[in-house]
Amino acid sequence: MKIWIFRGILGLVVVVGLVLGGLLLIVDPNTFKPQIIAAVRENTGRELTIAGELELELYPYLALTTGSLELGNAPGFEGPFLILTNAHLKARLLPLFFSRLEVVAMDVEGLSLHLTRDEHGHNNWSDLGAAPEHHTGAGDRGDAGSVLSRDKRVPRLASLIVDGFRVSDARVVWRDRKKGQAVDVSGIQLNVSDFAFGEPFAVDSSALATVADVTANLNFATTATLTLDRLTLEGLDMKAGLQGAKLPHGPETVTITADLVSTDGRLDNARMQGLGLDVRARMQDAGNWTTAGSLDIAPFQPKNVLQRLGMGVPAPADPSALERMALSCAWTGSKDRVDISRLVLSVDNATVEGRLTAAGLRDPAFNFDLHADSMDLDRYRPRKGVDTKGSHGSKSGGKADPWSTMRELDVNGTLRVGVLTMAHCRVEDAQVTVRAKDGLMHLDRIDAKAYAGRLEAGAVLDVRSETPEWSWTHFVTGVQLGPFLRDLHGRDLVSGAVQTSATLRSRGVDAMALKRSLNGKLDFKVVNGAVHGVNMAELLRDAIRVVKKQQPGPDEPDLTRFSVASGSASIVNGVETTRDFLFLAERFRITASGQADLVSESLDYKGILTLEGSEGKFEEGLPGLNSLPVRVTGTIGQPSVNVDFGGLVRALKARGGQVVQDVLKGVGSGLDRGIEGLRRLFE
């Protein structure tokens, strides 16, 4: 019985061998080229060109070898989409009888893939991702799962087994014509051994990537597991050696490692090291089509990183600035939304904490709530006399619209700062709430404590049209002028507690246009103050004593105390008009009115200096003469105060007018200083 079974099997093998041998003699695979080309055209809408010969072997393995072939591009794109020099497939025969594909070897040589996005944002591969209508039913389109698990063209793919898969001398080119970017990855070598769906297999790959003027030698190794639902990489280890003209300190080495990476949204212990950075990240599936993760960037030196990247390095006013930065945050993300929480950003000695949300892919809307313990913006101002553009700065010759970016902003948020330093001035508990959408920005609330007082303000900037428009309102109360001016300008010309309010509006694209179209109202009041560096009352006293042929009085401190300095103004098309200026000192007062042209910066104010103040008249007063006219002219930057000393001398019918003139010029100089201090209050 056994001998008959053996003879039967042997006879079957002989018959199969004869059949296969006959097929090799009869079947020419090249006769199927027209059918293959037609099938590709039907399923993709593209033309396939098979230039090389197709070779078929049936024993001891089913082997198919192709020569060169080329797949056409999508409509509207030039050149080929895919080029293949040679491919060889060797599969076992027996499993084919049981509808299983077991590949002994698969070799692909000279594969070139050209991916392109045009100026309108259309790409040349999306038409290949969707299955034709007649291949899938309506119910399949909304099913969950991967494309492979839903595509009925590959029902037996899960049975695929590949002993060895090798890709050599492959190339992938990516061109983004919309952004003017290009990436060229060439010399791709890929080796995969013992592949089977659902089973781990080793992957070893290398390539040379070129981006702009930077090249990277890439080496990639991992253990992968592929199913119809996901791809998982374990023990990922990638190393890139970077060099090029834009890396002046190259070659640089960047390594990327991860314990696990999965297409279902899981990332365990990922780490990137190189270029002065050490970045760690985690990610996992949070359900409902969202992922959650964390990001940590260890402390690094921003200036060092910028230098190594060949970028322009800022030259801040404080040379010790930008020496340390770190970042950590948690996040959740979905298809069109990212929520960043537990944000901690450290820059030098300052720390910013809070949350940030970005919703939308094309035109994202940002929402934030941030708090900083301190911000010293003066440290980061550009250092005077230093070019910070860098060797790779923009050299665009056209005039860019400075407001185009703002028109695209969609922002709603609040920033709070414990201590803010700006223009050498220090404020506390500062808060600003901002809303910006479609070119209209509202600073709904600007609030801060400053120099024993408080600032409350609001602003609107409208750039919806070609000519920007803005409006500003503020109310300041209780601010001590002395410390404020000392920090702002280095000199406390005027001291006292100030209260001021303003409502202003203007439009224009430059400073001159803004001045020319400025309209609004403002007022100020300084109480219990002093003009430092001059004693105008002493100068007036001694002038009177000289006229009366008396000796000068005793020296007094170089200080002009006043109880009130106040005024209000209306501004129409850049011309400010004041009708109620009052300066009430201890033994004199000044009332004035006039105009200031903010465009030409010219001044013309007329006033009366009265020899009677908050504490009464001068003891050495002049009978019959209690006041004299004064006039302020010149420019806003250099005001000039003139006293009508000629009228005084004529009224007194006294000689020695030059002496009186010299003394009263000193009074004018003192008034100059007082006006200078008040002017600087509004700079």
Side-chain angles (χ1 to χ4, degrees), residues 249 252 254 270-282 293-331 338-358 364 366-390 392-393 405-406 409 411-434 436 443 446-450 487-488:
H249 300 280
E252 299 277 1
V254 176
R271 186 178 188 183
M272 189 280 286
Q273 293 175 288
L275 296 169
L277 296 171
D278 187 352
V279 183
R280 297 174 183 267
R282 296 173 179 270
S294 62
L295 176 68
D296 292 278
I297 303 178
F300 66 96
Q301 290 182 305
K303 288 190 287 190
N304 172 263
V305 173
L306 292 175
Q307 286 175 346
R308 295 171 71 169
L309 289 172
M311 301 175 65
V313 179
D318 183 356
S320 64
L322 292 177
E323 289 292 337
R324 182 185 183 278
M325 186 178 291
L327 171 71
S328 66
C329 68
W331 59 271
V338 176
D339 292 278
I340 299 175
S341 60
R342 301 201 302 274
L343 172 67
V344 179
L345 171 64
S346 299
V347 181
D348 296 323
N349 297 324
T351 301
V352 179
E353 302 181 18
R355 63 170 184 82
L356 173 67
T357 298
F366 296 95
N367 187 287
F368 63 88
D369 186 358
L370 303 173
H371 173 265
D373 54 358
S374 64
M375 282 188 179
D376 186 351
L377 300 184
D378 290 339
R379 297 183 64 188
Y380 305 97
R381 289 182 302 158
R383 195 182 311 166
K384 293 182 179 179
V386 177
D387 182 9
T388 60
K389 294 181 181 179
H392 303 289
T405 300
M406 185 180 161
L409 282 180
V411 176
N412 191 337
T414 299
L415 172 64
R416 294 181 293 275
V417 184
V419 178
L420 174 63
T421 303
M422 182 172 59
H424 307 295
C425 297
R426 174 188 172 105
V427 299
E428 300 177 351
D429 297 336
Q431 175 175 314
V432 57
T433 299
V434 58
L443 298 178
I446 303 173
D447 193 357
K449 297 178 181 177
D487 287 348
L488 183 62

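Basis for what follows: all heavy atoms, side chains included, without hydrogens, waters or symmetry-related copies.
Atoms CD1 and OG1, on Ile340 and Thr357 in that order, are 8.0 Å from each other to the nearest 0.5 Å. Here Phe300 contributes atom CZ and Leu327 contributes atom CG; the two are 8.0 Å apart, rounded to the nearest 0.5 Å. Atom CG of Leu295 sits about 12.0 Å away from atom CZ of Arg280, to the nearest 0.5 Å. Taking CZ from Arg308 and CD from Gln301, the interatomic distance works out to 10.0 Å, rounded to the nearest 0.5 Å. Atom SG in Cys425 sits 4.5 Å away from atom CG in Leu488 (nearest 0.5 Å). Atom-to-atom distance recorded for Arg426:CZ and Asp487:CG is 9.5 Å, nearest 0.5 angstrom.
Residues Leu306 and Pro314 are in side-chain contact: their nearest non-hydrogen atoms beyond the backbone lie under 4.5 Å apart. Put simply, the side chain of Ser346 reaches to within 4.5 Å of the side chain of Arg324, judged on heavy atoms. Put simply, the side chain of Leu345 reaches to within 4.5 Å of the side chain of Met325, judged on heavy atoms. Asn349 has its side chain within reach of Arg379: a pair of non-hydrogen atoms, C-beta onward, lies under 4.5 Å apart. In this structure, Met375 and Val352 have side chains that are in contact, with non-hydrogen atoms separated by less than 4.5 Å. Between Arg342 and Ser294 there is no side-chain heavy-atom pair separated by less than 4.5 Å.
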Evaluation steps, side-chain contact (heavy atoms from CB on, under 4.5 Å), between Gln273 and Asp278: CA-CA 5 Å; Gln273 293 175 288; Asp278 187 352; 3.7 Å; yes
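No side-chain donor-acceptor contact under 3.5 Å links Asp447 to the backbone of Gln431. A donor-acceptor pair under 3.5 Å is absent between the side-chain atoms of Asp348 and the main chain of Ala350, judged by distance alone.
Residues Ala298 and Ala326 approach most closely at C-CB, 4.3 Å, considering heavy atoms. For the residue pair Tyr380 and Ala321, the shortest heavy atom distance occurs at CE2-CB, 3.5 Å. Here the shortest heavy-atom pairing between Ala450 and Val427 reads CB-CG1, 3.6 Å. Residues Leu309 and Leu275 share a closest heavy-atom pair of CD2-CD1, 3.7 Å. Between Gln307 and His249, the shortest heavy-atom distance links the atoms O-CD2, 3.6 Å. Annotation for Ser328 and Asp296: closest pair CB-OD1, 3.1 Å, computed over non-hydrogen atoms.
By the 6.0 Å contact criterion, NZ on Lys303 is enclosed, its count of non-hydrogen atoms from other residues, nucleotides or ligands being greater than 12. Few gaps surround CZ on Arg355; more than 12 heavy atoms of other groups in view lie less than 6.0 Å from it.
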Could you list the donor-acceptor pairs under 3.5 angstrom formed by side chains in residues 413-422, with sequence neighbours left out?
from	atom 1	to	atom 2	distance (Å)
Thr414	OG1	Thr433	OG1	3.3
Arg416	NH1	Asp369	OD1	3.2
Arg416	NH2	Asp369	OD1	3.0

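Applying the side chain to side chain contact (heavy atoms under 4.5 Å, CB included) test between Phe368 and each of Asn412, Leu343, Val411 identifies Val411 as the sole match.
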